[in-house]
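Presented below is the structure to which this report refers.
Just so you know, these numbers use all the heavy atoms, side chains as well, and skip hydrogens, waters and symmetry mates. In what follows, chains are A, B, ... by sequence order, proteins preceding strands, each numbered from 1.
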Amino acid sequence: MVQAIVREEQQTKQEMKVLQNQPRENVYETNNLNLWYGDKHALKDINLNIQENNVTAIIGPSGCGKSTYLKTLNRMVELVPSVRTTGEINYRQRNILDKGYSVEELRTKVGMVFQKPNPFPKSIYDNIAYGPRIHGIKNKKVLDQIVEQSLRGAAIWDEVKDRLHDNAYGLSGGQQQRICIARCLAIEPDVILMDEPTSALDPISTLKVEELVQELKENYSIIIVTHNMQQAARISDKTAFFLNGEVIEFDATDKIFSNPSDKRTEDYVSGRFG
Amino acid sequence: MVSQKREKSLDVQQMIADKKNKGLGRKAEKLVPTILFITAAVSVLTTIGIVFTLIFETIEFFRRVSFWEYITGTEWLPFAGEPSYGILPLVLGTLKVTGIAIVVAVPLGLAVAIYLSEFASDKVRRVIKPILEVLAGVPTIVYGFFALTFVTPMLQKIFPSLEIFNALSPGLIIGLMILPTIASLSEDALSSVPNAMREGALGLGSTKLEVALKIILPAALSGVLASVVLAMSRAIGETMIVSLAGGSTPLFNFDVTGSIQTMTAYIVQVSTGDAGYGTTIYYSIYAVGFTLFIFTLIMNLIASWISKRFREEY
Amino acid sequence: MAYINHEVVERQMTKRRTKNTVFKNLFLGATLLALLALVVLMYRMITQGAGYLSLDFLQNFSSRFPEKAGISAGLVGSLAMLAVVTPVSLFLGVGAAIYLEEYAKKNKVTTFIQMNISNLAGVPSIVFGLLGLTIFVRMLGMGKSILAAGLTMSLLILPVIIVAAQEAVRSVPGSLREASYGMGATKWQTIYKVVLPAAIPGILTGSILALSRAIGETAPLVVIGIPVIVQFLPDGILSEFTALPMLIFDWAKRPQEEFQYVAAAGILVLMMLLIFMNSIAVFIRNKFQNRY
């Protein structure tokens, strides 16, 4: 069954070949990144370049460091008190691990969608308008436009346009997650990080979010951590396989799933462990 | 085969069965819930006792003093030759002190709560929280003494017109006394907002201050409000600080530099004096106590209503 | 269409970060101010009172002359009152907690009792004094005795003890109960032999804090009419007595400046007693925490 899906993926991949032939710049260049939680060496010598306007999937078994790596890309990982890092991550040619780099500035350009939908306990409108507001946009008309544009961008406008001022908690989990994606789009980021965005959703909602990711990559660079290999195969252009804090293999998604060069990758994608 | 084995070893099951039939355990099993229910009922009886005590003696008071005079009168002169019993000066005294306390304690308490919940590291929090608990555990008599012998003289250096007994000094110290209540309960409310909210807001490029003021504080608002109302109720009922540093001059004005009297301080004044059992003055402390009880009851009900009505769902 | 100009955002960022730092320091300042107040308070009491603290001060009765005034009647009285409060409030409080956590059905009566307890916790202590004066001192004829004061204080701290004991009982893991039931133990056997022993550290910690509140409370004693001029030590629970905070209150009110130092010395004794009780509570908490 996995093979059938992979075959299907290969077909869609071929349709997108045109897009892939364009030269792409790297948004992120990671060089010799090491990260420790206290004494635990969680990321080991990571070297990874991530291209713009692409969907990059990060897969691997639980505890392999994939979420940690993702959270390092917007320095969210620093919320854990005992974290230490070495090496560098260049985002658009500037090392974000430099002491002087403003995390707030970084996170304005690098949005994040979390594992569980986490809308704020406010109205749908206020959720979307939060980001633009803190970044200095006060004009009501402009905010209205941003809210509509972002909700349309997250393919949820039609479902919520009549109840923008209801609390976001009244929505279903899948809708909440798309609200969170819209909230992220509202600050017009360059990159969107997604940390297992569908793991808390039902299959239909998952499908909707996946379709959305496909649409979004036209304008954004997306990096998605997923536990679900079929998902990675369906939506990503490139895939990185993490194991025990190391990058085992990083290549085009169809290569990883059909003809991996490392034995461990093959074992993992064919479901032999993980 | 099983029975053969049993004959060799002690028959525990038989011994247990013998014990059970003695019946003492059975009786305890039935008696215990009843006894425990009675202990739980004591708290209800206490409330009933308080309410009935206050009502009965207050009724006796209103046989002698007009209810209308009591709730609208602006003169409280129980010891005068021609006594008058208008509660408003005492209520105003209480409100002055409470108002000052709230003005001090709410901004400070909230600042402490936000610092501990949003900015401080785990280590710092673990040091500071117990120290704040100490502040909450200091007996009010100690605070009263501190207000009278330290805070008032210090304030007099700044405001020479300040009298020895005044509303300002006890108000400030009651503010200090209720600060841990506000800080600690608000901190609980703030830190119970899930981290996912913080991550969501930080992920959009917010500073920690913006997260605290725009996301966490509004989300925890009901808990914070409840803590403030509860602290207010404690300030209203505070006795020893105002008895020592507030004075015993019930005046119907809005001056905070002169001597005042609160409802609680009046009860203390009568209790330490020699008003005999059965006099109007004796019954007046129940009327004042009842008034005080109603004030704090309303506050407590508002606090629990706020936290129930606006229970956060994340 | 782009609404967000990232260059503008970047320019404003410095301002926002500065604001963040300023407020962080303001919040820290408020915290330090509260701690400073505590330090100043302690410092004042020690510098004022230490000079008057002596063996004589502990052994003498109160007096019109500051240099002869002592605290013995108050100290013994407060401890005697504690000897009434401790068993009464623990029996009633732990009993009520076990009833509410283990036996009570979820019905209106239980909800009412629970609501009543939280409201009772908010009643001002001086109102408990009025209750004690009417019921214990007059109606039951106990007079201004250790028993009357002790029972009043027991009722005052009862809500705190119930809530602490409820939390302690609730935190005993269900698996322990199941293990006991699984061997055929009855409900009371399970509570008495398994739940209570496991909950005792928590109960004690909360109760000691409540008891130290009873030691420091003054208002109810004033209303009950506990005297301050007592030249004898109590000889039974129906004996008249005086208490530490009553003496402090009396000395603090006196016009002669010398008595301020006597009051401060009394406060030091009171605070030392409280610190002693609190350290026991902290010791118990640290020794037994996170056992499951």
Side-chain angles (χ1 to χ4, degrees), chain B residues 25 28-29 32-33 35-37 39-40 42-44 46-47 49-50 53-54 57 108 111-112 114-116 119 128 131-132 134-135 137-142 144-146 148-150 176 179 207-210 230 233 237 239-240 244 264 267-268 271-272 285-286 289 292-293 296-297 300 304, chain C residues 16-17 19-20 23-24 26-28 30-31 33-35 37-38 41 44 91-92 95-96 98-100 103 113 116-120 122-127 130-131 134-135 155 158-159 162 186-188 209 212 216-219 222-223 225 245 248-249 252-253 260 263 267 270-271 274 278:
Chain B
E29 207 62 41
V32 163
I35 296 172
L36 293 180
F37 176 76
T39 61
V42 170
S43 72
V44 178
T46 308
T47 306
I50 288 174
T53 304
L54 292 176
E57 309 285 38
L108 280 181
V112 174
I114 292 176
Y115 180 74
L116 289 181
F119 289 96
I128 291 182
I131 303 182
L132 283 176
V134 173
L135 210 51
V138 172
T140 58
I141 181 85
V142 178
F145 181 74
F146 185 62
L148 178 67
T149 63
F150 179 73
L176 181 64
L179 189 152
T207 61
K208 278 193 166 184
L209 179 71
E210 287 157 352
L230 223 67
S233 157
T239 308
M240 298 323 291
L244 276 174
T264 51
I267 299 175
V268 166
S271 302
T272 51
I285 64 173
Y286 288 91
L292 178 69
F293 178 74
T296 54
L297 182 67
N300 295 335
S304 62
Chain C
R16 284 165 56 199
R17 284 164 65 87
K19 200 174 158 194
N20 181 58
F23 271 84
K24 179 187 170 176
L26 276 178
F27 295 152
L28 173 64
T31 311
L33 189 68
L35 302 185
L38 183 66
L41 185 139
R44 278 284 294 186
F91 174 71
L92 292 178
I98 293 175
Y99 175 77
L100 289 169
Y103 285 96
I113 295 178
N116 173 68
I117 290 167
S118 65
N119 272 320
L120 204 58
V123 173
S125 60
I126 195 165
V127 173
L130 290 172
L131 173 77
T134 317
I135 307 282
L155 295 184
L158 187 56
I162 295 177
T186 63
K187 186 157 192 164
W188 176 239
L209 295 179
S212 63
E217 269 291 349
T218 322
V222 175
V223 176
I248 296 167
F249 182 44
K253 278 191 306 179
Q260 284 193 9
I267 286 174
L270 177 63
M271 295 295 273
L274 294 183
N278 279 291

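Scanning for salt bridge (Lys or Arg N to Asp or Glu O under 4.0 Å) contacts around R44(C) gives an empty result, with sequence neighbours left out. Evaluation of the side-chain hydrogen bond (donor to acceptor under 3.5 Å, both in side chains) rule for S212(C) yields no partner, not counting sequence neighbours.
Contact annotation for L130(C): both backbone and side-chain heavy atoms come within less than 4.5 Å of a heavy atom of chain B. Residue contact with chain B, scored on non-hydrogen atoms closer than 4.5 Å, involves the backbone and the side chain of F249(C) alike. Proximity to chain C (any heavy atom under 4.5 Å) is restricted, for L179(B), to the side chain, taken from C-beta onward. Interface residue I50(B): backbone and side-chain heavy atoms are both found under 4.5 Å from chain C. Both the backbone and the side chain of T264(B) have a heavy atom closer than 4.5 Å to some heavy atom of chain C. For chain B, the nearby parts of L28(C) are the backbone and the side chain; heavy atoms of each come within less than 4.5 Å. Proximity to chain C involves both the backbone and the side chain of I131(B), based on heavy atoms less than 4.5 angstrom apart. Using a 4.5 Å cut-off between heavy atoms, L158(C) touches chain B through its side chain atoms alone. For T207(B), the parts lying under 4.5 angstrom from a heavy atom of chain C are both the backbone and the side chain.
The aromatic rings of F37(B) and Y99(C) stand perpendicular to each other, their planes meeting at an angle above 60°, with 30° marking the opposite boundary.
Using a 4.5 Å heavy-atom cutoff, the side chains of L155(C) and V42(B) are in contact.
Between the side chains of E217(C) and S125(C), at least one donor N or O lies within less than 3.5 Å of an accepting N or O.
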